[in-house]
There are 2 protein chains.
Amino acid sequence: MTKSEVYFQKYCRRAGLKRSGQRDKVFNMFLKTEQHISAFRLFEKIRKQGEKIGYSTVYRTLRLLVKAGLAQTLTFGGETHFEHKFKHKHHDYFICSKCGKTIEFTSPTIERIQNRLAKKYNFTPQKHTLLIYGLCINCQNKQ
Amino acid sequence: MTKSEVYFQKYCRRAGLKRSGQRDKVFNMFLKTEQHISAFRLFEKIRKQGEKIGYSTVYRTLRLLVKAGLAQTLTFGGETHFEHKFKHKHHDYFICSKCGKTIEFTSPTIERIQNRLAKKYNFTPQKHTLLIYGLCINCQNKQ
DNA sequence: AATGAACTTGACATTCATTTTCAATATTGT
DNA sequence: ACAATATTGAAAATGAATGTCAAGTTCATT
Ligand SMILES: [Mn+2]
Ligand SMILES: [Mn+2]
Ligand SMILES: [Zn+2]
Ligand SMILES: [Zn+2]
């Protein structure tokens with residue numbers, strides 16, 4: 001049992017939820033997926049393994065993971081993407097407008113300035129997304 | 001005729017579009033609106049003036065404004081918001097998760113670091129959105 | 001092992017923002 | 001005025017996300 005698993009099972013128990021194979025399937029596939037993923041692609045990924053799963057269950061479980069603090073969402077390209085939050089460090093994104101490729105980066109200085117400005121504006125930050133759209137090196141060259 | 005108007009009319013002409021009263025209505029209301037606005041609220045705003053306008057026309061024109069470089073979009077709260085781009089300086093956002101209030105801010109240092117990192121990752125930035133979600137001062141106090 | 005209250009599941013329906021369709025109407029160059 | 005082409009908006013279509021509910025499952029208690 002990884003720390004995430006322990007954490008999740010504890011969370012479910014406290015929330016009065018019962019154990020279920022379907023929920024575990026979604027949770028496990030999410031754990032295996034290091035990159036951010038949309039609900040639909042996670043659904044596909046589980047189905048392709050030959051597992052039986054409903055779309056609603058995937059959505060529901062992903063929402064639960066967010067509520068439990070294990071996942072967080074970022075929206076781009078008209079879709080919600082889920083990414084790890086538990087034991088994963090925060091990052092911002094470059095997103096290629098042409099091919100959709102994403103590049104993660106972090107800048108402690110940017111984070112620091114954000115917090116300083118939040119204080120200045122009497123704003124209590126909870127989460128943020130910095131998405132920089134443009135062209136990745138491949139798409140720059142191919143015209 | 002403001003610079004924006006001249007620019008827009010020139011753009012339309014070059015694109016082989018005909019002049020139209022409906023398009024002008026949307027364009028003018030967008031110009032009058034300093035804050036970012038959703039397609040639906042812009043639609044309402046025009047209707048409330050007693051003007052006759054279709055939803056599709058509002059959407060179409062807003063998309064055209066983006067294509068012409070006069071407007072740009074930012075997505076949050078499950079809606080696309082349109083904001084000025086022409087002759088308006090860029091800014092990032094604090095967004096209150098509770099009441100939806102937005103606070104604009106700018107940080108030249110953040111912008112500079114973004115560009116430096118883009119170079120480092122061989123990425124050509126075109127636009128970006130930095131959205132910081134949290135609680136505004138009012139919503140912090142009210143529980 | 002049986003019970004039953006409460007939770008889970010997934011096919012299907014619904015909602016909501018956005019886009020597309022298309023027939024009627026308007027604009028523009030000649 | 002004419003014809004070619006663009007515009008309009010009501011209605012339909014799309015697509016992501018959420019809600020519904022009857023049938024199935026879990027689990028604490030007996
Ligand atoms: Mn960040
Ligand atoms: Mn910025
Ligand atoms: Zn690319
Ligand atoms: Zn607020």
Side-chain angles (χ1 to χ4, degrees), chain A residues 8-30 36-68 71-83 100, chain B residues 8-30 36-68 71-83 100:
Chain A
F8 186 49
Q9 295 312 332
K10 263 188 192 162
Y11 178 88
C12 289
R13 187 154 279 266
R14 244 182 296 136
L17 306 177
K18 293 177 177 168
R19 191 79 189 269
S20 95
Q22 299 308 83
R23 191 142 56 203
D24 285 350
K25 279 179 199 168
V26 177
F27 176 58
N28 289 327
M29 187 56 89
F30 177 71
H36 55 82
I37 190 167
S38 69
F40 182 69
R41 292 225 299 109
L42 193 64
F43 167 73
E44 279 186 324
K45 238 177 147 181
I46 298 172
R47 279 253 168 128
K48 272 176 190 153
Q49 282 203 328
E51 305 279 10
K52 211 182 156 308
I53 191 100
Y55 208 6
S56 310
T57 303
V58 174
Y59 264 105
R60 254 192 305 249
T61 306
L62 284 172
R63 255 181 290 157
L64 178 64
L65 290 177
V66 170
K67 224 170 87 185
Q72 63 189 335
T73 58
L74 69 152
T75 306
F76 66 87
E79 246 184 339
T80 301
H81 299 253
F82 296 82
E83 63 179 359
Chain B
F8 185 50
Q9 295 311 332
K10 264 187 191 161
Y11 178 88
C12 289
R13 187 152 280 265
R14 245 182 294 136
L17 306 178
K18 292 175 178 169
R19 190 79 189 269
S20 97
Q22 300 308 84
R23 190 142 56 205
D24 284 350
K25 279 179 200 167
V26 178
F27 176 57
N28 288 327
M29 187 56 88
F30 177 70
H36 55 82
I37 190 167
S38 69
F40 182 69
R41 291 224 302 109
L42 194 64
F43 168 73
E44 277 187 324
K45 239 177 146 179
I46 298 172
R47 280 256 167 126
K48 272 176 190 155
Q49 281 203 329
E51 305 278 11
K52 209 183 157 310
I53 191 97
Y55 210 4
S56 312
T57 303
V58 175
Y59 264 103
R60 257 191 302 248
T61 306
L62 283 172
R63 255 181 290 158
L64 178 63
L65 291 178
V66 171
K67 224 170 84 184
Q72 62 189 336
T73 57
L74 67 154
T75 306
F76 67 87
E79 248 183 335
T80 301
H81 299 251
F82 297 82
E83 64 180 356

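The structure presented is a predicted model; accordingly, all values stated were derived computationally and were not measured. Naming: A, B, ... by sequence-line order, numbering from 1 per chain.
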Subject >> Under-4.0 Å side-chain N/O to phosphate OP1/OP2 contact, B/Tyr59 with C/dT18 >> reply: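 So the side-chain polar atoms of B/Tyr59 do come within 4.0 Å of the phosphate oxygens OP1 or OP2 of C/dT18, strictly under.
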Original post:
For C/dT8, does OP1 or OP2 lie under 4.0 Å from any side-chain N or O of A/Lys25?
Top reply: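 Indeed not, no polar side-chain atom of A/Lys25 lies that close.
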Between [atom2] of [N] and [atom1] of [X], the distance in whole Å:
X       : N      : atom1 : atom2 : value
B/His81 : C/dA17 : NE2   : P     : 10 Å
A/Tyr55 : D/dA16 : OH    : P     : 6 Å
A/Leu74 : D/dA17 : CG    : C1'   : 16 Å
B/Leu62 : D/dG9  : CG    : P     : 14 Å
A/Phe43 : D/dA16 : CZ    : C1'   : 14 Å
A/Ile46 : C/dG10 : CD1   : C1'   : 13 Å
B/Leu42 : C/dA17 : CG    : P     : 15 Å
B/Glu51 : D/dT8  : CD    : P     : 13 Å

Subject >> Sugar-phosphate only, base, or nothing, as touched by A/Ser38 at under 4.0 Å among non-hydrogen atoms >> reply: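 It contacts nothing in the nucleic acid.
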Subject >> Heavy-atom protein contacts under 4.0 Å, nucleotides 19-30 of chain D, coded B base, S sugar-phosphate only, - none >> reply: BB-----BS---
Checking contacts here: which listed nucleotide ([options]) is nearest the side-chain heavy atoms of [X]?
X       : options                : result
A/Ile53 : D/dG9, D/dA16, C/dG10  : C/dG10
A/Arg23 : D/dA10, C/dA17, C/dT8  : C/dT8
B/Arg47 : C/dG10, D/dA10, C/dA17 : D/dA10

Subject >> 5'-most by nearest nucleotide on DNA chain C - A/Thr57 or B/Ala39 >> reply: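 Closer to the 5' end of DNA chain C: A/Thr57.
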Which atom pairs, one a donor and one an acceptor, fall under 3.5 Å between side chains of residues 36-45 of chain A and the rest of the protein, sequence neighbours left out?
unit_1, atom_1, unit_2, atom_2, d
A/His36, NE2, A/Thr102, OG1, 3.1
A/Ser38, OG, A/Arg41, N, 3.2
A/Lys45, NZ, A/Thr33, OG1, 2.9

Subject >> Approximate separation, where rounding is to 0.5 Å, of A/Thr73 OG1 and A/His81 NE2 >> reply: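 Those atoms lie 10.5 Å apart.
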**OP:** To the nearest 0.5 Å, tell me how far A/Met29 CE sits from A/Thr61 OG1.
**Re:**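 A/Met29 CE to A/Thr61 OG1: 13.0 Å, rounded to 0.5 Å.
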Original post:
Please, which pairs that meet salt bridge (charged side-chain N to carboxylate O under 4.0 Å, His left out) have at least one residue in residues 50-67 of chain A, sequence neighbours excluded?
Top reply: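 Every salt bridge (charged side-chain N to carboxylate O under 4.0 Å, His left out) pair that includes a residue of residues 50-67 of chain A, provided the two are not neighbours, is A/Lys25-A/Glu51.
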**OP:** Would you check if A/Leu65 and A/Phe8 make a side-chain contact, meaning some heavy-atom pair closer than 4.5 Å?
**Re:**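 They are in side-chain contact.
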Would you be so kind as to tabulate the donor-acceptor pairs closer than 3.5 Å made by side chains of residues 10-19 of chain A, with sequence neighbours excluded?
unit_1, atom_1, unit_2, atom_2, d
A/Arg19, NE, A/Gln9, OE1, 3.3
A/Arg19, NE, A/Asp24, OD2, 3.1
A/Arg19, NH2, A/Asp24, OD2, 3.2

**OP:** Determine the minimum heavy-atom distance between B/Thr57 and B/Val26, stating which atoms define it.
**Re:**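 The pair with the smallest heavy-atom distance is O-CG2, 4.4 Å.
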Original post:
Taking only residues two or more places apart in sequence, or in another chain, which ones meet A/Arg47 in a salt bridge (charged side-chain N to carboxylate O under 4.0 Å, His left out)?
Top reply: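 Salt bridge (charged side-chain N to carboxylate O under 4.0 Å, His left out) list for A/Arg47, sorted by chain: empty.
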Could you go over nucleotides 1-3 of chain C and give all protein N or O partners under 3.5 Å, atom names and distances?
none

